[in-house]
Amino acid sequence: MARLTKLSRSLAGRNVLVTGAASGMGRATAFLFADEGARVGVVDRNAEGLEETAAAIRGAGGEVCAQAVDVSHTGAIAPAVATVAEQFGGLDVLVNNAGVSLAAPIGADDFESTWRATFAVNLDAYVHFIRAALPHLRASDAGRIVNVASTEGLGGSAFISPYTASKHGVVGLTRSLAVELGGEGITVNCICPGPIHTGMTQEIPDEAKTKFARRRVPLRRYGDPEEVAQLTVSLALPAASYVTGAALAVDGGMRVKNN
Ligand code: NAI
């Protein structure tokens, strides 16, 4: 009988770049790629956290290229991508994940600076990384872009409009580029996490988290970073070759709950 598939579910030997890998979901994603045998380029502005990530990967026998970079410094992005591609001999997968969530009531004095600071990291940097990675992804036989958006890219909450707008931007960017790059076989998808235990949510008291999750999340808890990373990594598989333009919620069912 003919075999069903020639599509590979292996990431061994693939070259990957993950931004925001010093903490939370970026770190979990980098670990998972490394566990699956990929070479992992990691970028973050938090040099100490990044070195912890890199040391853990090396300690487990993985190959890693760590660069302390502030992704809001546009000029630093192309050299960072070039370094990873040079060290590994190419780049197959880009995971845009570094992000900030800053409170910003629309009438606040610092609203405009907060807006700019948010967009610089959450959307502009995603674009610059994609542009820098594109020649390498084009040379790959299975180029993959996974952008981390948010359920705030699908709906809205009060007092964080820069964050919400930037994440809607990530969803729009993903959809447009999926159409634009589809003819070249490069897939572009985004993940929309719900409430996840990471650095971004660590200031929220446990009691408030529990209350929120009981009321809003069918699975009745916050998610763990690895639960998001698992889907990110799945979208990066060569076998995920017919999924593009998707905005996938990883939110314990929060987006579909009506009552
Ligand atoms: P986190 O705070 O644990 O990790 C974010 C990482 O991005 C940090 O290591 C931080 O240093 C890095 N970063 C921030 N600004 C940077 C810059 N200018 N240059 C370089 N690195 C920078 O938070 P988390 O939750 O793991 O965030 C990852 C992504 O997930 C973000 O895009 C965030 O918006 C998104 N997200 C998080 C949710 C949550 O509940 N935690 C929910 C939905 C989306």
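Remember, it's 1-based here, ligands and their atoms both numbered in the order they're listed.
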- Query: Would you call Asn122 a ligand 1 contact, heavy-atom distance under 4.0 Å?
  - Reply: no

- Message: For the CG atom of Asp92 and the NE2 atom of His136, what is their distance to the nearest 0.5 Å?
- Response: 11.0 Å

- Contact (N/O only, under 3.5 Å) between Ser23 and ligand 1: yes

- Considering all heavy atoms, the nearest Val69-Ala76 contact: CG1-CB, 3.8 Å

- Message: Please determine whether any non-hydrogen atom of Pro225 lies less than 4.0 Å from an atom of ligand 1.
- Response: no

- By number and element, which atoms of ligand 1 are closer than 4.0 Å to a non-hydrogen atom of Ser150? 43 (C), 44 (C)

- Query: Do the side-chain N and O atoms of Asn97 and Thr19 include a donor-acceptor pair separated by under 3.5 angstrom?
  - Reply: no

- Distance from atom 5 (C) of ligand 1 to nearest protein heavy atom, with residue and atom: Gly99 O, 4.0 Å

- Nearest heavy-atom pair of Ile186 and Leu134: which atoms, and what distance? CD1-CD1, 4.0 Å

- Per-atom contacts, ligand 1 versus Tyr126 - under 4.0 Å to a heavy atom: 32 (O)

- Item | Straight-line distance of Gln87 CD to Gln67 CD, nearest 0.5 Å | 8.5 Å

- Query: What do you reckon, does Met25 have a nitrogen or oxygen under 3.5 Å from a nitrogen or oxygen of ligand 1?
  - Reply: yes

- Query: Below 4.5 Å, heavy atoms only, C-beta onward: do Asn189 and Leu248 meet side chain to side chain?
  - Reply: no

- Message: I need the nearest protein heavy-atom contact for atom 19 (N) of ligand 1: residue, atom name and distance, please.
- Response: Val71 N, 2.8 Å

- Item | Residue portion contacting ligand 1 (non-hydrogen atoms closer than 4.0 Å) for Tyr222 | neither

- Message: Please confirm whether Gly49 approaches ligand 1 to less than 4.0 Å, judged on its heavy atoms.
- Response: no

- Message: Among all protein heavy atoms in this structure, tell me which lies nearest to atom 34 (O) of ligand 1, with the distance rounded to 0.1 Å.
- Response: Tyr163 OH, 2.6 Å

- Note on the structure: Among non-hydrogen protein atoms, atom 18 (N) of ligand 1 lies closest to Asp70 OD1, 2.8 Å

- For Gly24, atoms of ligand 1 separated by under 4.0 Å from a heavy atom: 3 (O), 26 (O)

- Message: Checking a contact table here: which protein heavy atom is nearest atom 10 (C) of ligand 1, and how many Å away?
- Response: Asp44 OD1, 3.5 Å

- Message: Suppose we measure from atom 21 (N) of ligand 1 to each protein heavy atom; which comes out shortest, and what is that distance?
- Response: Arg45 N, 3.2 Å

- Message: So is Lys167 touching ligand 1 or not, going by heavy atoms under 4.0 Å?
- Response: yes

- Query: Out of Asn97, Ile204, Val69, who gets a non-hydrogen atom closest to atom 31 (C) of ligand 1?
  - Reply: Asn97

- For ligand 1, is any non-hydrogen atom under 4.0 Å from Pro193's backbone (N, CA, C, O), its side chain (CB onward), both, or neither? both

- Item | Under 3.5 Å side-chain donor-acceptor pair for Arg255 and Thr151 | no

- Item | Mode of Val121 contact toward ligand 1 - side chain, backbone, both, neither (heavy atoms, under 4.0 Å) | side chain

- Task: Have a look at ligand 1 and work out which part of Thr201, if any, has a heavy atom under 4.0 Å from it: side chain, backbone, both or neither.
- Result: side chain

- Between the candidates Gly194, Ala149, Ala76, which shows the shortest non-hydrogen contact distance to atom 35 (C) of ligand 1? Ala149

- Message: Does any part of the side chain of Asn15, heavy atoms only, come nearer than 4.5 Å to the side chain of Val93, both counted from C-beta?
- Response: no

- Query: Between the side chains of Glu36 and Ser10, does any donor sit under 3.5 Å from an acceptor?
  - Reply: no

- atom 25 (O) of ligand 1 has as its nearest protein heavy atom Thr198 OG1, 2.6 Å

- Query: Of all heavy-atom pairs between Ala178 and Val188, which one has the smallest distance, and what is that distance?
  - Reply: CB-O, 3.7 Å

- When every non-hydrogen atom of Val170 is compared with those of Ala149, the smallest separation belongs to CG1-CB, 3.7 Å

- Message: Geometry only, no angles: is Ile196 polar-contacting ligand 1 at N/O separations under 3.5 Å?
- Response: yes

- Message: Measuring from atom CD1 of Ile160 to atom OG of Ser166, what distance do you get when rounded to the nearest 0.5 angstrom?
- Response: 9.0 Å

- Is a salt bridge present between Glu180 and Arg175, judged by a nitrogen-to-oxygen distance below 4.0 Å? no

- Query: Looking at OG1 of Thr118 and NZ of Lys167, how far apart are the two atoms once the value is rounded to the nearest 0.5 Å?
  - Reply: 10.0 Å

- Task: May I ask you to say whether Asp206 pairs ionically with Lys211, meaning some side-chain N is under 4.0 Å from a carboxylate O?
- Result: no

- Message: Tell me the contacting part of Ala21 for ligand 1: side chain, backbone, both, or neither, using a 4.0 Å heavy-atom threshold, strictly below.
- Response: neither

- Which ligand 1 atoms, with their elements, are less than 4.0 angstrom from a heavy-atom of Val148? 29 (C), 30 (O), 35 (C)

- Task: Hey, could you give me the CG/CZ distance between Leu17 and Phe33, rounded to the nearest 0.5 Å?
- Result: 10.0 Å

- Can you list the ligand 1 atoms lying under 4.0 Å from a non-hydrogen atom of Pro195? 40 (O)

- Item | Per-atom contacts of ligand 1 with Val100, taking only distances under 4.0 Å to non-hydrogen atoms | 14 (C), 15 (N)

- Item | Residue, atom name and distance, where the atom is the protein heavy atom closest to atom 2 (O) of ligand 1 | Met200 N, 3.4 Å

